[in-house]
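Notes follow once the structure below has been shown.
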Amino acid sequence: MAGRIREEDIAEVREKARIDDVVSQYVTLRNAGGGSQKGLCPFHDEKSPSFNVNPSRGFYHCFGCGAGGDVIDFVMKIDGLNFGEAVERLAEKSGVVLRRIDDDGGDHRPKGPQRNRLIEANRVAQEFYAEQLATPDALTARQFLSERDFDQAVAAHFGIGFAPREGEALFRHLRGRGFTQEETVEAGLVAVGRSAYDRFRGRLLWPIRDASGDTIGFGARRIFDDDRIEAKYLNTSETKIYKKSQVLYGIDLARREIGRSSQAVIVEGYTDVMACHLAGVGTAVATCGTAFGDDHARVLRRFLDDRDGSRGEVIFTFDGDAAGQKAALRAFGGDQNFASQTYVAVEPDGLDPCDLRIKKGDEAVRGLVADRVPLYRFVLSNVVGKYDLDRADGRVDALREGARLVSSIRDKSKVDAFSRELAGMVGLDPDEARAEVRRASHRRPPEPGAQQAATTAP
Ligand code: ZN
């Protein structure tokens, strides 16, 4: 496959891969008049859309950061590919067959397997695993699904599979399909000890896909008691195509609905994503074996539409228990621009969306999301709830701890409203709460960058 791609073929890729189709796999676009479309720039943080796409002329341009170019430039930049890889990827998706010229016989490819090969290996693996789900050995896997009200059609829709217990089945299959050992290892599917063996053995598997629908890795659940690996879930480890700080399970299915409704629901597990989608909450996604972080927030922001100046809603489903409260507090302490648009959906009995759907049906899952409360209110009421508010000293302590939290909010335009709310919860005068928040912020050492954040807040 060495050699330059023919110029005519590159031109054909430019023509057939529509820039608006390609961009909208990453960014929610709206009509901006004059035949162009706009959305939030995926290359810099912004609050109002300055990222423009012109489908008839085949280019994009951001008036905020100056990024711009054609469809190939866009794919290179957003997926971190070189020119040849970007052309290959677009050619594959738009059905263009690339021909090459062996001019100098040299190999210009970068070292290691190409990204396309890793994507292809994961695609073949997903098909293989999905077929294995129908075999007699996969009985336990099928039972796991049916106990959760997921039938065969649902399993097929989500691409669920089964990794055979025998440790080299996938490796042999991939070798038979022409993949090198290096490619299977770099794709995150095979590991090498004394010999090569499958990373996932005797587990139920969910393919994890990127926004464009390509499988980039797997989440694997323990289903056999004699599984030598104790961990309930295993995930693909970091590869060229799988970055765990960014991947969101279900984003391929949810991205359009997230853009349309300007809302995203973050749940904890693969089965919760499935339950939400089946119940009609088509905006649900989950992180894969890691806590929701700022990188995930940045990915979601690309899809959340900017509507009437509001940034859309991000709803976390937390358990009402201590762990859930801690998770909420962590979310609160993270990217605070994000925190102000963040909501929490708490199920009173502590049921996750999957169990909720089994016990109470689809409507209950929709109700859980509809009954969301703002994150700050949830966190504040947890803090205040620790104290006995019938006692004067309890009220003072609750106010003090609540004020400390409110004073930590970087968006100073929110502080007054939160102080008033805190006063209401504790049962004290708003002026007392405001004074306590001022005292708390004086006790707090100034954070680096806090000044800037405060002055640029809306
Ligand atoms: Zn930009």
Tell me, do [X] and [Y] make a side-chain contact under 4.5 Å, heavy atoms counted?
{"X": "V23", "Y": "F51", "value": "yes"}
{"X": "P374", "Y": "F418", "value": "no"}
{"X": "R100", "Y": "R4", "value": "no"}
{"X": "D214", "Y": "R89", "value": "yes"}
{"X": "N235", "Y": "K244", "value": "no"}
{"X": "V365", "Y": "C276", "value": "yes"}
{"X": "V406", "Y": "V415", "value": "yes"}
{"X": "V281", "Y": "R366", "value": "yes"}

side-chain contact (heavy atoms from CB on, under 4.5 Å) between V265 and V285: does it pass, once the steps are laid out? CA-CA 6 Å; V265 177; V285 294; over 6 Å; no
To the nearest 0.5 Å, what is the distance between [atom1] on [X] and [atom2] on [Y]?
{"X": "T342", "Y": "R372", "atom1": "OG1", "atom2": "CZ", "result": "12.5 Å"}
{"X": "M274", "Y": "L253", "atom1": "CE", "atom2": "CG", "result": "10.5 Å"}
{"X": "R357", "Y": "D272", "atom1": "CZ", "atom2": "CG", "result": "11.5 Å"}
{"X": "Q37", "Y": "N31", "atom1": "CD", "atom2": "CG", "result": "5.0 Å"}
{"X": "L234", "Y": "C288", "atom1": "CG", "atom2": "SG", "result": "13.0 Å"}
{"X": "I266", "Y": "H296", "atom1": "CD1", "atom2": "NE2", "result": "9.0 Å"}

What heavy-atom pair brings [X] and [Y] nearest, and what distance separates the two atoms?
{"X": "A86", "Y": "V75", "result": "CB-CG1, 4.0 Å"}
{"X": "S24", "Y": "R255", "result": "O-NH1, 2.9 Å"}
{"X": "V190", "Y": "A196", "result": "CG1-CB, 3.8 Å"}
{"X": "H277", "Y": "G282", "result": "CE1-O, 3.3 Å"}
{"X": "F200", "Y": "G188", "result": "CE1-O, 4.5 Å"}
{"X": "V22", "Y": "L90", "result": "CG2-CD2, 3.8 Å"}

Okay, side chain of [X], backbone of [Y]: is any donor-acceptor separation there less than 3.5 Å?
{"X": "S262", "Y": "G259", "value": "no"}
{"X": "R203", "Y": "A220", "value": "yes"}
{"X": "E46", "Y": "C41", "value": "yes"}
{"X": "R148", "Y": "F144", "value": "yes"}
{"X": "R209", "Y": "D252", "value": "no"}
{"X": "N122", "Y": "I119", "value": "no"}
{"X": "N54", "Y": "S56", "value": "yes"}
{"X": "S36", "Y": "A32", "value": "no"}
{"X": "R175", "Y": "F179", "value": "yes"}
{"X": "E183", "Y": "R117", "value": "no"}

Looking at [Y] and [X], is any side-chain nitrogen of the basic one under 4.0 Å from a carboxylate oxygen of the acidic one?
{"X": "E120", "Y": "R123", "answer": "yes"}
{"X": "R260", "Y": "E257", "answer": "yes"}
{"X": "R115", "Y": "E85", "answer": "no"}

Taking only residues two or more places apart in sequence or in another chain, which ones pass side-chain hydrogen bond (donor to acceptor under 3.5 Å, both in side chains) with Y242? none
By side-chain hydrogen bond (donor to acceptor under 3.5 Å, both in side chains), R199 pairs with (sequence neighbours left out) none
I need the single residue from F158, F218, Y233, F150 that forms a ring-ring contact (aromatic ring centres under 6.0 Å, His included) with Y270. Which is it? Y233
Please walk me through it: do L133 and L204 pass side-chain contact (heavy atoms from CB on, under 4.5 Å)? CA-CA 8 Å; L133 190 61; L204 181 63; 4.2 Å; yes
I would like to know whether F316 and L375 meet side-chain contact (heavy atoms from CB on, under 4.5 Å); could you show each step before the answer? CA-CA 9 Å; F316 288 87; L375 173 69; 5.8 Å; no
F43 ring centre to K77 NZ or CZ under 6.0 Å, with the angle to the axis within 45°? yes
Above 12 or not: heavy atoms from other molecules or residues under 6.0 Å from CD of E238? yes
Do V87 and D9 pass the side-chain contact (heavy atoms from CB on, under 4.5 Å) test, and can you show the C-alpha distance, the side-chain angles, and the key distance before you say yes or no? CA-CA 9 Å; V87 172; D9 294 352; over 6 Å; no
Qualifying residue, where the test is side-chain contact (heavy atoms from CB on, under 4.5 Å) with E88 and the options are N116, N82, V96, V13: N116
